[in-house]
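Each chain gets a letter, A, B and so on, in the order its sequence line appears, and its residues count up from 1.
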Amino acid sequence: MSAAVVVRGVDKIFDTKSGHVTALSAVDLDVAPGEFVSLIGPSGCGKSTLMRLIADLETPTAGTVEVFGTSAHQARVDQRYGIAFQQAGLLPWRTVSANIALPLELSGMARAEVRQRVDELIALVGLGDFGDRFPDQLSGGMQQRVAIARALAKKPQLLLMDEPFGALDEMTREYMQTELLRIAAETGAAVVFVTHSIPEAVYLSDRVVVMSPRPGRIAEVVPMSLGSTGSRADDLREDASFFEMITAVREALHGGTHATAPRGVENR
Amino acid sequence: MTTETRASTLTRTPGPSRPRTRPPVGPLGRTASGAERAIAPVVLGGAVIGIWQLLAGSGLVEAYLLPSPAAIIAEIIEFWPSMLSAAGITGLNAFVGLVAGSLLGVVAALVASTSRLLDGMLAPIVAALAVIPIVALAPVLNTMFGADSRTGRQLIASLAAFVPVFITTARGLRQTQPVHRELMTSFAATPWQVMRTITLPTAVPYTFTGIRLASSLAVISALVAEYFGGPRGGLGGLISTSAASSAYPRAWAYVVAAIALGLAFYLVTLALERWASRRR
Amino acid sequence: MSDAATLLAPPRRRRAGQGARLKAAGYGLLGIIALAVASELYKWLGPADGLLIGDVRVLPRTSDLAMPHIWDMVGRLFEPVTRAEGARVLWLEIVIAAGLTLGIAAVGWVVGVVVGIGLALIMQRWILAESALLPWIVLSQTVPLIAFAPLVKSWGSRIEIGAFEWQDWMSVAVIASYLAFFPVAVGALKGLQAPDRIHRELLHTYSARWWPTMVHLRLPAAVPFLLPALRLAAANAVVGAVVAEVSTGLQGGIGRLVIQYAGQASGDPAKAWAPIFGAIALGLIAAGSVALLGLLVKDYRRTEGEA
């Protein structure tokens, strides 16, 4: 099977009021099918931009982005990926079920099929009794679970997530991370996950892509030697190997020196 | 929030004044209780009417100028059927105007949202309509449509209603959140699907706010337009004929009917607005 | 507070603003021309008796009496008002009458603004006042003002303070102010209550009492809310003045001319449209003047947003 994502020689330059901003410069990245890859780095390193290029929400100034062997644009048109933003982005006038059903309705799926798939997804993310609730009746964590269920609606083989747990408290966050790993393993999807948090990146990923700013580029790719993501559980967080990997990523972020801590990265 | 994503991250602009407004907070941080908010205006109203009755009874103010509340109530009781039928006539004109103007406003806003050219042409016209005395058109409209026709007044009411509905709907159509729009892009949704699932539902509460604002305008315009000629029998006509024959208590009775009519329109459209704004 | 903000704020793009304004004006003109063309097209192609559904005439008659040609309407402006000797040319007559109405509306506007802001201050200061007054203020706008005209006129005629005598035009101004005060009261109150908690708490740490807080925080914060309210009040004052002129029978204003020329429409249909153009111009001038006012307080309309 072809690689999930292939990024080659990508530049992205924005024209702003204050001149040109080079968000990304000469970026190469490969994501294998079923692989969990995190993008981490300080503010301005281009991690969100890179994810948005894969999602075809932006187009590269130079270079190519291929998703499952076709262009990112075609992959979006063919609905090959599911996306979750930092805000849950639920439609407030739709119930949980109706929100999850949205992409299915848009692609013209039959009513009965939609019902069935939505029930599956609600069970998958553990929101069993909440199908008829409205977003304003849900906590932040639950809203994000709805957003993830929606991202999985069409059984994509690629999940793109832009700091989806950023607005959650620490306990909920850890819970959601474990859930996400379970879901990714069950569906076999590849995941590109943007985060500010080193422990989160380490816990979730097969590989952590460390990026640096000005101009945005990949500084280093740190493979995680913590066992397959599908088999990880909460007890990993207390394991020595976990902390070793965190240290490895932190050192990669510092670019080899302990002198200055890059701003905008959490060290919790 | 990552800064490199968009050059300008638009936040959602404030929506229509939500009917469920936050309770007023005084300068010292005190909030008015629900009971206060319900009782205070009633007490004030009662006090004013009481003073009015006293003044009228004392002879300081001549009865023909400002009839006592008691005299007005007597006229209301006597002329009740006439008040109802007159209110029905004026109310019908106002209703037709409100409905026609609202429909026109929504359609025009939709059209303007799709075409830059039409938007550019409509915006100044609507801005002008908002500031000109529309009722001044009443006499010529009566000439155009015939002196026995209700259409002129209904047109005036619909022009008056059109403006706020157009403006609020146009604003509502622009209020889609960036995250929702990007979601739709990621679903490769067609423009019509985006309109149906995101743009229109977001705009609906704004439209109903506009309709609420238009409701009293429609009533007042329909009423004042009667003063400029045309078939008799509406509230405006009866107010002016009563005043002309110095039957002031009766004139004020019809004014009370006009207030009730305006209030009825306002309350109904307020309820509609609240219904439309739940869960947005 | 203001120095750092003004120094670090991004420069205003003047050029784009002017170009955009010209473009908007151009589009507006296009819109008006489109309307005129549509009207003439209807006159040319439409049914002679208009469109009747049942006995309701939905579209007007196309005769020259019912719908004069646009060029007739414009041309009539340059002819004398009446065939009498020494009669003024029509457009001049309109301008003079509109000027009078504008003056009266302006007086009404000022009074309405003062009353509106005063009420807003009272309602902001005492929460009970807001609870008690606001519903009545909202209700006041449902009362048709033609009911007030004879009343105000009679009341006014009884006021004699020394050499001061109530003039007829003052009744019109009072009615205009009645229509003007409502948007100002509501908009000013909203603006005075607008500052968010951070700013209110800041002034609280400075031990600022009610009036200094008003001057340094609430009034400046209210400017962006006041300006559209003032503009609306100006338009309302014009409407109020025109309608009040009709119901009090005031001579010399544009309202009177609307009725008068409409009465003569069977003999001179194009003339009836002249005061309407005057009234339209009046509304636009009133609103435009207030918009110019907005330029004076430009700095108070800035927000905290980043560049």
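At least one side-chain heavy atom of B:Tyr266 sits less than 4.5 Å from a side-chain heavy atom of C:Val138. Side-chain contact between C:Ile127 and B:Glu36: present, with at least one pair of heavy atoms (C-beta onward) separated by less than 4.5 Å. Counting heavy atoms from C-beta on, the side chains of C:Val258 and B:Pro139 come closer than 4.5 Å.
No more than 12 heavy atoms of other residues, nucleotides or ligands sit less than 6.0 Å from atom CZ of B:Phe95.
Contacts of B:Leu117 with chain C are made by both backbone and side-chain atoms, with heavy-atom separations under 4.5 Å. For C:Leu282, no part sits under 4.5 Å from any heavy atom of chain B, backbone or side chain. Only the side chain of B:Val135 has a heavy atom closer than 4.5 Å to any heavy atom of chain C. The contact between B:Ala130 and chain C is made entirely by backbone atoms, counting heavy-atom distances below 4.5 Å. With a 4.5 angstrom heavy-atom cutoff, B:Leu137 touches chain C via backbone and side-chain atoms both. Heavy atoms of C:Ile276 lying under 4.5 Å from chain B belong exclusively to its side chain. Heavy atoms of C:Leu139 lying under 4.5 Å from chain B belong exclusively to its side chain. If you measure heavy-atom distances from C:Leu29 to chain B, you find no contacts under 4.5 Å at all. Interface residue B:Ile259: backbone and side-chain heavy atoms are both found under 4.5 Å from chain C. With a 4.5 Å cut-off on non-hydrogen atoms, C:Ala234 does not touch chain B at all.
Heavy-atom pairs under 4.5 Å with chain C were tallied for B:Leu129, B:Val140, B:Asp119, B:Ile220; the largest tally goes to B:Val140. Interface summary for chain B: among C:Val238, C:Val246, C:Thr213, C:Ile254, the most heavy-atom pairs under 4.5 angstrom belong to C:Val246.
Atoms CG and CG, on C:Leu30 and B:Leu122 in that order, are 11.0 Å from each other to the nearest 0.5 Å.
Nearest approach of B:Leu44 to C:Ala132, heavy atoms of both residues: CD2-O, 3.6 Å. Of all the heavy atoms in B:Gly45 and C:Trp136, the pair that sits closest is CA-CZ2, 3.3 Å. Taking all atoms of both residues into account, the shortest heavy-atom contact from B:Pro133 to C:Val242 is CG-CG2, 4.3 Å. Here the closest non-hydrogen pair linking B:Ile125 and C:Ile32 is CD1-N, 4.1 Å. The two atoms that bring B:Met144 and C:Trp273 nearest to each other are SD-CZ2, 3.9 Å, heavy atoms only. Nearest heavy atom pair, residue C:Tyr27 against residue B:Gly120, reads CB-O, 3.2 Å.
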